[in-house]
Amino acid sequence: MPASPLNPSKSSSVDRGGGKATSFGGSTMNAEEDAKWLQWVTHQFKTIAGEDGEINLQDFKKALKVKESFFAERFFVLFDSDGSGTITLQELQKALTLLIHGSPMDKLKFLFQVYDVDGSGSIDADELRTVLQSCLYESAISLPKEKLDQLTLALFESADKDCSGTITFEELRDELQRFPGVLENLTISAARWLTPPAPQRHRRQPRLLTSAYWHNHRSHALCLAVFVGLHVLLFALAASAYRAFGASVMVAKGCGQCLNFDCSFIAVLMLRRCLTWLRATWLAQVLPLDHNIQFHQLMGYVVVGLSLVHTVAHVVNFALQAQSETSPFQFWELLLTTRPGIGWVHGSASPTGVALLLLLLLMFACSSSCVRRSGHFEVFYWTHLSYLPMWLLLILHGPNFWKWLLVPGTLFFLEKTISLAASRMAALHIVEVNLLPSKVTHLLIKRPPLFHYRPGDYLYLNIPSIARYEWHPFTISSAPEQKDTIWLHIRSQGQWTNRLFESFKKSEPVFCGSKRLSRRLEMKRSQRKPQQGLQPQPIDFGASAQGAVASNKEVIVELISYRPEGAPWQGHEGLVNTGTKDRTRAQREAAAEDPALVSEMSSENHQFCNIKCYIDGPYGTPTRRIFASEHAVLIGAGIGITPFASILQSILYRHQKRKHICPNCQHSWMESGQDEDMKLHKVDFIWINRDQQSFEWFVSLLTKLEMDQAEETQEGRFLELHMYMTSALSKNDIKAIGLQMALDLLAKKEKKDSITGLQTRTQPGRPDWNKVFQKVAAEKKGKVQVFFCGSPALAKILKGHCEQFSFKFFQENF
């Protein structure tokens with residue numbers, strides 16, 4: 001290992017693997033800081049060293065937590081300067097001094113030695129390929145051998161300036177200088193034990209006390225203020241009317257009056273059709289309609305709290321009455337029987353109150369997230385239906401509750417009746433199923449004639465063969481302009497969704513009748529003919545090219561029928577058996593028309609079926625505001641992309657509708673006017689995924705979006721894509737710098753990304769949200785609105801950044 005001078009500068013880099021790998025740079029290091037750092041290294045060394053005070057290769061691999069042993073072994077060899085097979089504390093301190101405090105040139109020498117496997121003083125093509133292969137494994141990227149060879153050649157040819165067949169130190173230095181800032185921040189991100197923890201930052205002002213927070217949450221604050229004020233008023237009026245009966249009665253009556261309002265109004269917050277209608281009115285700008293579920297949950301907590309106080313106050317009052325010499329009833333009679341005659345319906349107030357409290361506590365316990373999200377949704381669903389007996393008991397319990405329930409109850413039952421009639425009027429059928437990577441089930445449902453929805457809307461789905469009484473909400477991923485079918489993309493995350501996926505996964509693919517194959521062949525023939533008008537064509541989400549997630553080649557993914565193993569052929573509900581002869585003839589005809597079609601039809605992940613289902617909807621979401629925005633930033637994390645699938649398809653259709661091409665010179669231009677309900681000037685679409693496989697099912701649509709804008713300049717593009725893969729290590733990591741450089745070079749050469757097949761380069765790690773929003777603000781395309789669908793933890797981060805930049809933030813709950 002080369003000797004390296006200590007550099008008093010420090011630099012910092014972020015560990016894309018989840019933690020912070022603090023390297024030092026930017027400020028002079030004093031003696032006290034240096035002593036603390038040496039103390040920390042000594043402490044960490046002792047935690048992993050053996051009894052002999054040295055670290056062997058296995059201990060080193062365990063400490064580094066690297067996936068590929070190649071890098072661990074190379075680092076170990078370079079750290080072990082005396083070649084003894086173990087690392088001492090002095091050798092570790094010397095190596096860390098180089099990596100953390102060393103100059104960019106020192107780090108470059110270390111990097112070169114990592115790549116120079118045989119120690120010849122130069123890097124040949126085979127050594128570079130070995131390094132890149134290990135880099136792919138470290139970043140959880142899977143590419144075919146041919147693509148790995150292309151990456152190796154792209155980087156090797158770019159670095160080997162003199163065409164000598166090897167890369168010298170000087171050539172590697174010149175190549176890295178094309179990527180400014182990389183060498184200065186070079187580090188080993190996985191080795192978090194190498195550096196002391198970063199000092200805790202001073203706590204900033206709480207978000208609740210910032211002006212930006214109140215500016216962005218003024219509608220919430222107004223509603224909460226009205227809610228609290230109304231409760232104070234109702235409590236005060238009811239309590240003052242019973243001030244002659246003592247404090248316990250006053251408290252009980254005050255809480256009871258508040259409960260009259262809460263137990264009736266809580267249903268209004270779940271009137272999905274009414275809320276969808278309100279989204280189209282000016283009230284959507286005043287009321288926080290997007291947070292109706294959160295307010296519903298808040299009112300649930302308030303109801304439980306007031307009910308407990310109400311019950312305790314009555315128990316205290318009954319105890320005082322039972323102790324009175326003039327009372328003919330005992331305490332238990334006052335609490336549990338109708339003998340005292342308390343209440344307006346045969347003295348049933350006490351027993352109905354006890355029953356109400358028990359039902360409420362049961363509903364509250366079964367509504368917790370640990371029950372709903374742990375595969376026991378049925379428990380939540382059935383216990384939540386106890387609102388019907390609760391309303392009946394409340395009418396018997398309180399003499400005035402029916403007056404409070406009259407209007408909201410009428411609206412509630414009217415909406416339920418309409419929804420039930422609309423969903424059960426005629427059974428629909430799932431006509432095609434596509435099992436996609438990451439356990440995503442793509443359902444195609446025959447669209448009812450009067451089913452009108454807007455991009456981003458959702459519906460409730462019931463499949464009796466999976467669960468007869470369960471209804472689950474899913475975002476519609478197809479565009480409204482697609483007339484024949486409704487698309488749903490369902491991620492297997494719970495009990496019901498897993499049953500759905502497994503029911504198709506275990507099915508046996510078989511070919512169905514010639515009529516159905518003929519319909520597929522007719523559709524394929526029609527697509528070869530010139531398209532008339534602007535009817536949008538369905539986009540295949542499953543198409544992929546060898547060695548990449550997507551390709552620009554147009555393919556038809558055939559969905560074949562299925563039947564469960566050992567199950568007999570069924571009639572109209574399931575499948576139609578047309579016999580082996582018809583099936584063989586259909587395959588022969590399909591092969592004659594297009595040999596590739598049959599091979600695509602043979603995939604067990606594509607199934608053609610006829611399964612009965614019911615839908616209830618559509619219902620609106622915050623994403624309805626997108627087309628009224630000027631500059632929309634769409635952020636999806638993982639399966640949170642589904643609300644934007646419909647939106648992007650609709651944007652593509654509307655964009656194509658405004659585009660005209662001269663039949664003579666093929667010159668294209670856009671209409672100056674826009675749709676009445678579309679004010680968009682710019683759309684930034686950001687998709688964050690953990691691994692490469694998660695990109696597969698959605699990338700075909702993005703490919704079409706890029707192709708539609710291929711003739712436009714980068715600055716003039718209406719839609720800009722940003723892809724991030726969090727498992728991939730950044731360019732600042734020694735274990736990834738070569739790979740990321742090669743990916744950049746090959747992307748420029750082939751005009752497409754090697755990971756997804758898109759023209760947009762997939763960025764490693766997580767987005768730097770501060771830089772992302774700074775870039776958005778600098779474009780000045782109009783008022784910025786951010787729409788997000790993903791994890792609550794990321795939503796909290798994004799909301800904080802939006803408050804800093806005064807962007808409006810909308811979150812889709814899923």
J.: Applying ring-ring contact (aromatic ring centres under 6.0 Å, His included), name anything that partners Tyr724, two or more places apart in sequence or on another chain.
T.: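 For Tyr724 there are no ring-ring contact (aromatic ring centres under 6.0 Å, His included) partners, ignoring immediate neighbours.
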
J.: Do Leu719 and Lys682 have side chains that get closer than 4.5 Å, going by heavy atoms?
T.: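 Side-chain contact under 4.5 Å: no.
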
J.: Any chance you could measure Tyr619, atom OH, to Leu459, atom CG, to the nearest 0.5 Å?
T.: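 If I round to the nearest 0.5 Å, the distance is 9.5 Å.
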
J.: Within a 6.0 Å radius of atom NZ on Lys775, are there more than 12 heavy atoms belonging to other residues, nucleotides or ligands?
T.: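 Enclosed.
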
J.: In this structure, is the centre-to-centre distance between the rings of Phe644 and Trp687 below 6.0 Å?
T.: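 For Trp687 and Phe644, the ring centres are not under 6.0 Å apart.
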
J.: For residues His220 and His291, establish whether the separation of their ring centroids is below 6.0 Å.
T.: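 So the answer is yes for these two rings.
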
J.: Does some side-chain heavy atom of Asp616 sit less than 4.5 Å from a side-chain heavy atom of Leu461?
T.: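 Sidechains of Asp616 and Leu461: no contact.
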
J.: Which pair of heavy atoms, one from Ser139 and one from Leu729, lies closest together, and at what distance?
T.: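 Closest heavy-atom pair between Ser139 and Leu729: OG-N, 3.2 Å.
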
J.: Residues two or more places apart in sequence or in another chain: which of them pass ring-ring contact (aromatic ring centres under 6.0 Å, His included) with Phe685?
T.: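 Here no residue qualifies.
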
J.: What I'd like to find out is whether the side chain of His801 reaches to under 4.5 Å of the side chain of Phe807, using heavy atoms alone.
T.: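 No, side chains not in contact.
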
J.: Angle between ring planes, Trp471 versus Tyr614, binned at 30° and 60°: parallel, tilted or perpendicular?
T.: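 Plane angle between 30° and 60°, so tilted.
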
J.: Considering residues, nucleotides and ligands other than Lys446, do more than 12 of their heavy atoms fall under 6.0 Å from its NZ?
T.: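 No - once you tally the heavy atoms of other residues, nucleotides and ligands closer than 6.0 Å, there are 12 at most.
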
J.: Just by modelled atom types, is the Leu444 backbone N or O under 3.5 Å from a matching donor or acceptor in the Thr485 side chain?
T.: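 Answer holds: no.
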
J.: Who are the salt bridge (charged side-chain N to carboxylate O under 4.0 Å, His left out) partners of Glu415, not counting sequence neighbours?
T.: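 If we apply the salt bridge (charged side-chain N to carboxylate O under 4.0 Å, His left out) test to Glu415, skipping adjacent residues, there are no hits.
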
J.: Can you list the residues that meet the ring-ring contact (aromatic ring centres under 6.0 Å, His included) rule with Trp496, with sequence neighbours excluded?
T.: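 Result, ring-ring contact (aromatic ring centres under 6.0 Å, His included) vs Trp496: His472, Phe474.
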
J.: Examine the side chains of Arg273 and Ser419 and answer whether a donor and an acceptor come within less than 3.5 Å of each other.
T.: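 Yes, Ser419 and Arg273 have a side-chain donor paired with an acceptor closer than 3.5 Å.
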
J.: For Ala747, which residues count as a side-chain contact (heavy atoms from CB on, under 4.5 Å) partner, sequence neighbours excluded?
T.: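 Checked Ala747 against side-chain contact (heavy atoms from CB on, under 4.5 Å); matches are Arg761.
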
J.: Is a side-chain donor-acceptor pair under 3.5 Å present for Asp691 with Ser727?
T.: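 The answer is no; no qualifying pair exists.
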
J.: Check Arg499 against Ala467 and note the closest heavy-atom contact, atom names and distance.
T.: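 Looks like NH2-CB, 3.5 Å.
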
J.: Could you pull out all residues at least two apart from Thr621 that satisfy side-chain contact (heavy atoms from CB on, under 4.5 Å)?
T.: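 Listed in chain order: Tyr458, Thr623, Glu812.
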
J.: Once salt bridge (Lys or Arg N to Asp or Glu O under 4.0 Å) is applied, what residue pairs with a partner in residues 629-642 remain, sequence neighbours excluded?
T.: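 Counting only pairs at least two positions apart or across chains, no salt bridge (Lys or Arg N to Asp or Glu O under 4.0 Å) contact touches residues 629-642.
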
J.: Parallel, tilted or perpendicular: which describes the rings of His442 and His489, with under 30° parallel and over 60° perpendicular?
T.: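 Taking His489 first and then His442, their aromatic rings lie parallel (interplane angle under 30°).
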
J.: Sequence neighbours excluded, which residues qualify as side-chain contact (heavy atoms from CB on, under 4.5 Å) partners of Ile430?
T.: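 side-chain contact (heavy atoms from CB on, under 4.5 Å) check on Ile430 returns Val433, Leu443, Ile445, Ile463, Cys609, Ile611, Cys613.
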
J.: Taking the basic N atoms (NZ, or NE/NH1/NH2) and the acidic carboxylate oxygens, is any pair closer than 4.0 Å for Lys781 and Glu720?
T.: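 No, Lys781 and Glu720 are not salt-bridged.
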
J.: Name all residues meeting the ring-ring contact (aromatic ring centres under 6.0 Å, His included) criterion together with Phe451; count only those two or more places apart in sequence or in a different chain, and write none if there are none.
T.: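 Phe451 satisfies ring-ring contact (aromatic ring centres under 6.0 Å, His included) with Tyr453 once adjacent residues are dropped.
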
J.: Using the salt bridge (charged side-chain N to carboxylate O under 4.0 Å, His left out) criterion, which residues pair with Arg272? Sequence neighbours excluded.
T.: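 Result, salt bridge (charged side-chain N to carboxylate O under 4.0 Å, His left out) vs Arg272: none returned.
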
J.: Can you sort out the partners of Asn770 under side-chain hydrogen bond (donor to acceptor under 3.5 Å, both in side chains), two or more places apart, ordered by chain and number?
T.: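 If we apply the side-chain hydrogen bond (donor to acceptor under 3.5 Å, both in side chains) test to Asn770, skipping adjacent residues, there are no hits.
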
J.: Go through the steps to decide whether Val440 and Ile490 satisfy the test side chain to side chain contact (heavy atoms under 4.5 Å, CB included), and finish with yes or no.
T.: CA-CA 5 Å; Val440 174; Ile490 302 172; over 6 Å; no

J.: For the CG atom of Asp684 and the CD1 atom of Ile686, what is their distance to the nearest 0.5 Å?
T.: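 These two atoms lie 6.5 Å from each other.
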
J.: Do you know which two heavy atoms are closest between Gln692 and Ser142, and how far apart they sit?
T.: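 Reported closest heavy-atom pair: OE1-N, 2.6 Å.
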
J.: On a heavy-atom basis, which atom in Val786 and which in Cys802 lie closest, and how many Å separate them?
T.: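 Shortest heavy-atom contact: CG2-SG, 3.6 Å.
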
J.: Okay, side chain of Gln763, backbone of His722: is any donor-acceptor separation there less than 3.5 Å?
T.: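 Answer holds: no.
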
J.: Does Asp744 use its side chain to pair, donor to acceptor, with the backbone of Met741 at less than 3.5 Å?
T.: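 Checking the backbone N and O of Met741 against the side chain of Asp744, no donor-acceptor pair under 3.5 Å is found.
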
J.: Taking Thr497 for the side chain and Ser492 for the main chain, is one N or O donor matched with an acceptor at less than 3.5 Å?
T.: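 Not confirmed, Thr497 side chain does not pair with Ser492 backbone.
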
J.: Just checking, any donor-acceptor pair under 3.5 angstrom between side chains of Ser478 and Gln649?
T.: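 On atom types as modelled, these side chains do not qualify, holding no pair under 3.5 Å.
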
J.: Under the salt bridge (charged side-chain N to carboxylate O under 4.0 Å, His left out) test, which residues partner Lys783, sequence neighbours left out?
T.: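 Testing Lys783 for salt bridge (charged side-chain N to carboxylate O under 4.0 Å, His left out), a comparison that skips the adjacent residues, returns none.
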
